[in-house]
J.: 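Below is one structure. I have some questions about it.
Below, each value reflects all heavy atoms present in this structure, side chains not excepted, and no hydrogens, waters or symmetry copies. Each ligand, and each atom within it, is numbered from 1 in the order the structure gives. If you're wondering where the values come from, they're calculated on a predicted model, not measured in any experiment.
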Amino acid sequence: MWRFLARNKHVAAMMAVLGVAAMVVIVLTTKGTSHGVSKTHLDETEDISDDPHIFSTYDLPADDRFMPSIGNGHIATNVFSSTVHINGLYNGLRGESRRARIPAYANIRLNSTLTHHPFRPVYSLDTSDAVFKVRVDRERSVVTQRIYAHRYYTRTIVNQIQVVSKPHADPNFIHHEIWIAVKLLPGPDSEDIDFETPIPEIVDGRTVWTACGSTREVEDPTFQPLPTEVCVCWTSVPDHLVVPQHGSRVFTFPMTADKNKSVARSELLQVLQEDGEELFQKHVKSWHQLYQQAALEIEGNLHLSKIVNAIWYYFLSSLPSEESYQPLGPFYGLSPTGLARGVLLDDYHGHNFWDTEIWMFPTILMLYPKYARLLLQYRLDTAYEAAHHARDTGNSGYRFPWESAYTGVEVTSSCCPEVAEFEQHITGCISFAARQFLAVTRDEDWLKRGGCSIVTNIADFWASRAVINYNTGLYDIENVMGPDEDHSNVTNSVFTNVVAGYSLYLAQYVACLCKSYYAAKDPEHWADIAWSLALPYDEEADYHPQFSGYRRGEGIKQADAVLLGFPLQYNMKQSTRSNDLSYYESVTRSNGPAMTWSMHAIGHLDLGEDDLATQLFNRSYQGYVREPFKVWSEVRRPDVGAVNFFTGMGGFLQTLVFGYAGVRVRLDRLEITRPRLPPSTTKFTIRGMKYLGANLTFEVNQNSATLKVHSLDSTWMLNLFNGKYNVTLVPDMTVTLSGEGPFTIHSAPWKECKYPGDVIGHNYLRPKDT
Ligand SMILES: *[C@@H]1O[C@H](CO)[C@@H](O)[C@H](O)[C@H]1NC(C)=O
Ligand SMILES: *[C@@H]1O[C@H](CO)[C@@H](O)[C@H](O)[C@H]1NC(C)=O
Ligand SMILES: *[C@@H]1O[C@H](CO)[C@@H](O)[C@H](O)[C@H]1NC(C)=O
């Protein structure tokens with residue numbers, strides 16, 4: 001994306017102005033730590049838990065960007081921050097649009113954690129129960145605070161403080177009540193929302209507050225005529241919680257937020273009716289049901305398994321609940337720093353980018369295809385604006401904006417007009433996600449409810465962007481920018497042309513799948529353009545120049561041409577793949593964003609270069625994952641960039657599933673090639689992998705791999721080619737895969753439709769290439 005680019009310029013300017021001041025700050029910080037005054041001055045602190053699902057620490061990271069988040073896809077917050085966000089609440093006109101800040105009426109602190117205190121608190125993020133806990137073991141009591149975004153009461157963030165008194169050694173001791181000082185710290189008024197004065201009411205002896213307001217500015221006057229309304233409800237928090245000496249009690253403080261006042265209010269009242277323990281258990285049960293459906297499990301490497309568990313926890317915290325007390329509205333996408341962040345430019349303002357479809361979508365699709373469909377639904381919901389965008393820029397079909405938020409209009413910040421203008425590959429990335437989705441699900445209902453239309457309209461866009469070049473006899477796509485944002489306004493970006501070509505081919509295929517209910521004009525025309533789309537290739541060096549006129553040796557920002565190998569799986573010679581990898585590795589910025597290295601790792605695994613792959617795999621997460629809560633930064637230590645960087649996490653998961661486990665999604669089959677263990681692990685399991693409605697578990701061990709069948713969808717009979725013969729899969733069967741494969745799982749073709757050719761730049765003269 002563009003932020004790191006802009007940030008560097010900004011930082012350089014700052015340093016020029018504040019050079020001396022910056023030096024002083026550095027000196028002071030160094031002094032603080034060298035005296036060992038307190039570990040809390042460190043950016044990162046130690047995770048003392050040996051449970052793979054729990055991260056515990058005595059000291060919170062000093063840089064509160066590395067605090068963890070809690071969320072449920074509707075409401076989210078960074079723990080102890082003064083900001084709460086809800087799905088689809090943005091403020092600001094076009095490039096100013098950002099997630100609107102709701103004051104954190106869920107930010108309740110125990111006084112004993114705010115000041116120096118003899119009883120050292122322990123802070124834990126429990127990713128299994130999806131709760132942040134603070135435990136203070138005091139002289140006369142144990143106090144445990146739980147903070148969570150309820151997975152069933154989805155409008156609610158719950159704070160619970162449990163006080164359990166300790167028996168006194170001396171039975172004649174005169175008992176006093178236990179007083180626990182607490183404090184609500186919602187932060188300043190919102191800059192984004194005009195709230196009316198909060199109104200109190202007494203409900204069952206408790207004071208409940210309701211504050212309603214609306215965002216200050218619409219995102220686009222055409223597509224959003226009125227500002228968005230939002231209401232927040234919370235309960236008063238007293239200065240002290242009082243418990244009798246022999247007692248124990250749970251105090252519950254909910255906060256709710258919704259665009260609809262009665263939804264926010266009725267949810268709060270319902271939550272207040274619930275028994276505190278049952279309320280918590282309902283939340284835990286919903287999360288456990290989610291984890292039961294699927295997981296990536298690593299044995300033999302605690303650190304890696306913690307990282308993987310953290311990633312799923314953070315992803316799922318930004319995805320909506322499957323079952324909720326009140327119905328959910330539309331979902332507004334998975335943005336690069338999740339739902340808990342989005343006020344800052346550094347958070348990418350909570351916008352949606354190609355990061356969703358190319359980086360996060362692929363593993364979500366394999367484990368939770370329902371969520372993959374929801375991610376695509378966000379694009380369907382904004383298709384109308386994409387049609388306008390295409391027309392406004394002189395094209396046909398749908399052109400999706402580089403950055404998209406509430407309405408689906410282009411909301412890229414004014415800092416970086418060139419990414420909005422030229423990074424048109426986003427539209428092809430959406431089609432590529434649709435391709436993967438159809439390959440894994442064959443979801444006819446999706447096709448009927450907008451899928452046929454989005455796929456064919458994206459093809460129409462590319463058809464209108466391709467111009468015939470009479471010198472070469474090929475189609476060019478001019479004035480674009482590939483993922484490498486160091487090169488703008490280029491012609492025939494290889495990444496762009498391959499996603500464009502795939503989009504055109506997919507439309508031809510989908511036109512056939514949809515033909516009984518959706519009329520597409522001349523599908524063959526799309527395939528003809530794709531076939532003759534230019535694809536720069538340098539015969540002498542046997543590699544793909546990133547675009548026409550790319551000069552060998554020029555540095556690049558991040559993975560671009562190497563993405564042809566994976567995720568695009570563009571068919572090429574081994575030698576070309578190898579040259580692309582080694583060449584671009586040498587010219588990519590070493591401080592580029594996290595996800596680049598995961599694609600290099602997959603490339604080396606495909607080529608059987610396991611040692612190189614380990615190096616690149618290490619580079620894809622080491623220095624990016626911040627302790628103790630496994631929050632990701634966009635760029636390597638000591639730089640930061642965007643936090644909590646879902647894009648890097650997505651790339652990392654892809655290396656595990658598509659790299660080490662060797663899984664590949666193709667339109668006609670699921671393929672597994674040369675499954676291997678990730679470095680320093682003893683077992684790697686993809687539990688609950690979904691393919692054509694089947695629920696499978698794929699387990700990789702030191703010397704073997706097995707595929708277990710839990711259930712099958714009767715619509716699709718599945719055959720497994722185990723390297724020697726075909727086996728028909730039946731429930732409860734376990735198949736051992738020996739050797740390197742490729743092993744394939746396939747079904748009969750869907751509706752007798754011919755699979756697309758997916759050959760691009762065919763007319764290009766490549767004498768050595770046959
Ligand atoms: C709790 O801490 C705040 C400072 O953060 C202080 O103002 C307040 O008096 C404390 N309350 C009690 C009861 O100690
Ligand atoms: C992009 O390149 C074209 C020439 O192909 C030029 O006319 C146009 O001004 C350039 N746009 C920008 C913003 O640099
Ligand atoms: C990768 O990282 C692990 C864990 O820090 C380390 O043990 C291993 O030596 C590294 N391997 C390479 C090739 O860098």
J.: Verify the neighbour count for atom CD of Glu96: are there more than 12 heavy atoms of other residues, nucleotides or ligands below 6.0 Å?
T.: no

J.: Within a distance under 4.0 Å of any heavy atom of Asn479, pick out the atoms of ligand 2 and give their elements.
T.: 1 (C), 2 (O), 3 (C), 4 (C), 5 (O)

J.: Under a 4.0 Å threshold between the charged nitrogen and the carboxylate oxygen, would Asp63 count as salt-bridged to Arg626?
T.: no

J.: Taking atom 9 (O) of ligand 2 as the reference point, report whether a protein heavy atom occurs under 4.0 Å from it.
T.: no

J.: Counting only nitrogen or oxygen atoms and a 3.5 angstrom limit, does Asn618 reach ligand 3?
T.: yes

J.: Given Asn492, which of Asn469, Asn497, Thr472 fulfils the side chain to side chain donor-acceptor pair (under 3.5 Å) condition?
T.: Asn497

J.: Between Tyr660 and Phe617, is the ring centre distance below 6.0 Å?
T.: yes

J.: Identify, by atom number and element, the atoms of ligand 3 in contact range of Gln615, meaning under 4.0 Å from any of its heavy atoms.
T.: 13 (C)

J.: For atom 1 (C) of ligand 2, which protein heavy atom lies nearest, and how many Å away is it?
T.: Asn489 ND2, 1.4 Å

J.: Could you check whether atom 5 (O) of ligand 3 has a protein contact, counting only heavy atoms that fall below 4.0 angstrom?
T.: yes

J.: Has Gln622 got any heavy atom lying under 4.0 angstrom from an atom of ligand 3?
T.: yes

J.: If the plane angle is over 60° it's perpendicular, under 30° parallel, otherwise tilted; pick one for Trp354 and Trp359.
T.: perpendicular

J.: Report yes or no: is the cationic atom of Arg552 (NZ for Lys, CZ for Arg) under 6.0 Å from the centre of the six-membered ring of Tyr543, at an angle within 45° of the ring normal?
T.: yes

